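These numbers come from the heavy atoms of this one structure, side chains and all, not from hydrogens, waters or symmetry mates. Both ligands and their constituent atoms are indexed starting at 1 by order of listing. The chain is numbered in sequence order, starting from 1. The structure displayed is predicted, hence computed values, not measured ones.
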Amino acid sequence: MLTTMSMKNPYLLSVLDSLKAKNAHEPEFLQAVEEVLESLEPVVEADPRYEQHNIIGRIVEPERVVMFRVPWVDDTGKVQVNRGYRVQFNSAIGPYKGGLRFHPSVNLSVIKFLGFEQIFKNSLTTLPMGGGKGGSDFDPKGKSDGEVMRFCQSFMTELQRHIGPDTDVPAGDIGVGAREIGFMFGQYKKIRNEFTGVLTGKGLSYGGSLARTQATGFGLCYFADAQLRDNGQSFAGKRVIVSGSGNVAIYANQKCTQLGGRVVAMSDSNGYIVDENGIDYKVIQEIKEVKRDRIKTYLNYVPSAKYVEGCSGIWTIPCDIAMPCATQNEIGESSANALIANGCIGVFEGANMPSTPGAIAAYQAAGILFAPAKASNAGGVATSGLEMSQNSERLSWSFDEVDAKLKGIMEGIYAACAAAAEKYGMKGNIQAGANIAGFLKVADAMLWQGI
Ligand code: NDP
Ligand code: 2IT
């Protein structure tokens, strides 16, 4: 699977070899690490301190991994058991921060890849947040509200002893939205007798931030817009594919439409819809947020649209811009080649690690624009950072205030990635720039703090 390997630095190779030997059964984690280490080659060669202090060997090892049993009672009275995780990866620049994912595919490899990427993403936001991630193989789909509540309470009964507003601040991710955050916050408060900003993505009535719901999707489009403009392009008049139909996808659709794009296809894990007139995000909001239904019911609202069973074919629809916003490795090499053959000018990642190494190699070979997830989807966690600030000062800012800060942060991230890429001789390579700029701040903090 790891096909793009071109690394030659002996120190980086030795760290990677030892990591592969120790974590051979964690393919997603190894994929995420290899992608970062490749970009760091010129950085490690330019400054011997990273090797002298074994910064790379330390940064690929989580500071702490917690794995726990989550027992809960379903609506028929049967006792169910799931597995819970929290990976506290790196706290060099702030408390651990990162989402919780509830999906049947969750395992240690998936949580470690997400936690590892979160270190660099959080660093890029410029806010003081370390990297972490957690979740469970619990599937909220098809469960009653009561079952979801009992699961979330059980999950938090254990997690609460490992987190706190100055220690580790979880948030949402796949399968974890406002409902789940509310149940977990309630349980934390009950057990600890503390009302604190221990989670972000909270409801507005109990400490949530305006614009956090929209932040990842909006931030993705602010980033894409900055990158497009830097390359003499814009969203205006562009055909756009947004995969997924969850939190990130819905608000990516809204902002990209506002910026003049037309979203012609969206998906869920069962299939995809095509609507040449442009998909109205409000219809998807109704289907997914209100009814918790499948995307194929879009045809009940817009009978002229088309539904295709199976989600991977979405990348064969001709488009100018692709925004994968569902899950990891959703664009493989053949999907990337289909996009390129159809004239796609850029791939802007909303999901975490949605492109396989083969897909990224194809984008690079074709010379199309590429925005890597840890930079382009950082708007969600950045706004979580803003939620933490508001909680700390016990104030709440207006939607426009938060949105303006988000836009400034995303434009800043783009500029920082572009500058780092140029400085290390890879002008225009935003992927390398993101890895390098994200790494430098964390590595500097680690150097100052000793072993
Ligand atoms: P949601 O749970 O709101 O939505 C996920 C969407 O992706 C759904 O449409 C879901 O379809 C689809 N999906 C999930 N897993 C798969 C799969 N294995 N195959 C095909 N489709 C799948 O999650 P989010 O929108 O929050 O997250 C989407 C992506 O964005 C993830 O990669 C997440 O890590 C990333 N992200 C999220 C942030 C946030 O703030 N929420 C911040 C930064 C990144 P279905 O309903 O059928 O399961
Ligand atoms: O992947 C991510 O950045 C998130 N799921 C958001 C994390 C957060 O703490 O808001």
Exercise for review: Run the numbers for me: atoms of ligand 2, each under 4.0 Å from some heavy atom of Lys121, listed by number.
Suggested key: 1 (O), 2 (C), 3 (O)
Review point. So, Phe195 versus Tyr206, ring centres under 6.0 angstrom or not?
Key: no
**Study point:** Proximal candidate to atom 25 (O) of ligand 1 [heavy atom criterion; set Thr213, Val248, Asn329, Leu114]
**Key:** Val248
Check your understanding: With a cut-off of 4.0 Å, which atoms of ligand 2 are near a heavy atom of Lys97?
Key -> 8 (C), 9 (O)
**Study point:** Carboxylate-amine/guanidinium contact Arg239 Glu276, below 4.0 Å
**Key:** yes
Point to revise | Region of Glu330 engaging ligand 1 - heavy atom pairs below 4.0 Å | key: neither
Exercise for review: Specify side chain, backbone, both or neither for Asn352, according to which of its non-hydrogen atoms lie closer than 4.0 Å to ligand 2.
Suggested key: side chain
**Study point:** Aromatic ring proximity Phe116/Phe89, centre distance under 6.0 Å
**Key:** yes
Check your understanding: Closer than 4.0 angstrom: is that true for some heavy atom of Gly350 and an atom of ligand 1?
Key -> yes
Exercise for review: Report the nearest protein non-hydrogen atom to atom 40 (O) of ligand 1: residue, atom name, distance rounded to 0.1 Å.
Suggested key: Thr216 OG1, 2.7 Å
Review point. Does ligand 2 have any atom sitting under 4.0 Å from a heavy atom of Glu117?
Key: no
Check your understanding: What atoms of ligand 1 come closer than 4.0 angstrom to any heavy atom of Gly244?
Key -> 9 (O)
Study note, to complete from the structure: A student checking ligand 1 against Asp173 at a 4.0 Å heavy-atom cut-off should list atoms 26 (O), 33 (C), 34 (O), 36 (N), 37 (C)
Check your understanding: Between Ala92 and Gln449, what is the shortest heavy-atom contact and its length?
Key -> O-NE2, 2.9 Å
Revision key, fill the gap. heavy-atom search around atom 2 (O) of ligand 1 in the protein gives Gly175 N, 2.9 Å
Point to revise | atom 12 (C) of ligand 1: nearest protein contact (heavy atom, Å) | key: Ala326 CB, 3.9 Å
Revision key, fill the gap. Going by the 4.0 angstrom heavy-atom rule, the piece of Asn247 near ligand 1 is both
Point to revise | Plane angle bin for Phe370 and Tyr363 - parallel if under 30°, tilted between 30 and 60°, otherwise perpendicular | key: tilted
Exercise for review: May I ask you to check whether Ser269 has an N/O atom sitting below 3.5 Å from an N/O atom of ligand 1?
Suggested key: yes
Revision key, fill the gap. So the atoms of ligand 1 within less than 4.0 Å of a heavy atom of His103 turn out to be 15 (N)
Practice item. Check each atom of ligand 1 against the heavy atoms of Cys325 and keep those under 4.0 Å away; list them by number with element. Key: 28 (C), 29 (C)
Practice item. Check whether any N or O atom of Asn377, backbone or side chain, sits under 3.5 Å from an N or O atom of ligand 1, and answer yes or no. Key: no
Practice item. Evaluate the criterion salt bridge (Lys or Arg N to Asp or Glu O under 4.0 Å) for residue pair Asp145 and Arg179; output intermediate values, then yes/no. Key: CA-CA 9 Å; Asp145 285 352; Arg179 176 180 60 171; 2.8 Å; yes
Revision key, fill the gap. The closest protein heavy-atom partner of atom 46 (O) of ligand 1 is Arg294 NH1, 3.6 Å
Review point. In terms of side-chain geometry, is the basic nitrogen of Lys143 or Asp75 positioned less than 4.0 Å from the acidic oxygen of its partner?
Key: no
**Study point:** Protein heavy atom under 4.0 Å of atom 10 (C) of ligand 1
**Key:** no
Practice item. Report the nearest protein non-hydrogen atom to atom 27 (O) of ligand 1: residue, atom name, distance rounded to 0.1 Å. Key: Ile174 CG1, 3.7 Å
**Study point:** Non-hydrogen atom of Lys133 closer than 4.0 Å to ligand 2
**Key:** yes
Point to revise | Heteroatom proximity flag, Asn377 to ligand 2, N/O under 3.5 Å | key: no
Exercise for review: Tell me which protein heavy atom sits closest to atom 19 (N) of ligand 1, plus the residue, atom name and distance to 0.1 Å.
Suggested key: Thr327 CG2, 3.8 Å
Practice item. May I ask you to establish whether Lys78 and Trp72 are in a cation-pi arrangement, using a distance under 6.0 Å from NZ or CZ to the six-membered ring centre and at most 45° from the ring axis? Key: no
**Study point:** Test of proximity, Lys121 against ligand 1: N or O pairs below 3.5 Å
**Key:** no
Check your understanding: Judging by distance only, is a nitrogen or oxygen of Lys133 under 3.5 angstrom from one on ligand 1?
Key -> no
Point to revise | Phe155/Phe102 aromatic ring centres below 6.0 Å | key: yes
Review point. Non-hydrogen atoms of Arg212 versus ligand 1: any pair closer than 4.0 Å?
Key: yes
Exercise for review: Report yes if the side chains of Leu210 and Asp400 come closer than 4.5 Å at any heavy-atom pair, otherwise no.
Suggested key: no
Practice item. May I have the step-by-step check of side-chain hydrogen bond (donor to acceptor under 3.5 Å, both in side chains) for Glu349 and Ser355, ending in yes or no? Key: CA-CA 8 Å; Glu349 296 185 331; Ser355 306; 2.6 Å; yes
Practice item. Identify whether the distance between the nearest side-chain nitrogen and carboxylate oxygen of Asp320 and Lys238 falls below 4.0 Å. Key: no
Review point. Ligand 1 and Arg101, any nitrogen or oxygen pair closer than 3.5 angstrom?
Key: yes
Practice item. Could you tell me which atoms of ligand 1, counted from 1 in the order shown, lie closer than 4.0 angstrom to a heavy atom of Ala351? Key: 29 (C), 30 (O), 32 (O), 35 (C)
Check your understanding: What is the nearest protein non-hydrogen atom to atom 6 (C) of ligand 2, stated with its residue, atom name and distance?
Key -> Arg212 NH2, 3.6 Å
Point to revise | Protein contact of atom 10 (O) of ligand 2 - nearest heavy atom, named by residue and atom, plus distance | key: Ser384 OG, 2.6 Å
Check your understanding: Hey, are Glu387 and Arg212 close enough for a salt bridge, meaning a charged N less than 4.0 Å from a carboxylate O?
Key -> no
Check your understanding: Which of the atoms in ligand 2, numbered in the order shown and given with their element, are less than 4.0 Å from a heavy-atom of Ala171?
Key -> 8 (C), 9 (O), 10 (O)
**Study point:** Heavy-atom nearest neighbour in the protein, as seen from atom 48 (O) of ligand 1, with distance rounded to 0.1 Å
**Key:** Lys141 NZ, 2.7 Å
Practice item. May I ask you to decide whether Lys407 forms a salt bridge with Glu411, counting only side-chain N to carboxylate O separations under 4.0 Å? Key: yes
Point to revise | Any Gly172 heavy atom less than 4.0 Å to ligand 2 | key: yes
Exercise for review: Would you check if there is a donor-acceptor pair between the side chains of Ser136 and Tyr85 at a distance under 3.5 Å?
Suggested key: no
Practice item. Give a yes or no on whether a salt bridge exists between Arg86 and Asp168, defined as a side-chain N under 4.0 angstrom from a carboxylate O. Key: yes
Check your understanding: Which ligand 2 atoms are under 4.0 Å away from a heavy-atom of Gly99?
Key -> 7 (C)
Practice item. Answer yes if the ring centres of Phe113 and Phe29 are under 6.0 angstrom apart, and no otherwise. Key: no
Check your understanding: With a 3.5 Å cut-off and no angle check, do the side chains of Gln285 and Lys282 form a donor-acceptor pair?
Key -> no
Review point. Is there a donor-acceptor contact under 3.5 Å linking the side chains of Lys296 and Asn270?
Key: no
**Study point:** Protein residue, atom and distance nearest to atom 32 (O) of ligand 1, heavy-atom basis
**Key:** Asn352 N, 3.1 Å
Point to revise | Backbone or side-chain N or O of Asp268 under 3.5 Å from ligand 1 N or O | key: no
Practice item. May I ask you to say whether Lys189 pairs ionically with Glu194, meaning some side-chain N is under 4.0 Å from a carboxylate O? Key: no
Review point. For Arg101, is the nearest heavy atom under 4.0 Å from an atom of ligand 2?
Key: no
Review point. In terms of the angle between their ring planes, are Phe399 and Phe218 parallel, tilted or perpendicular, with boundaries placed at 30° and 60°?
Key: perpendicular
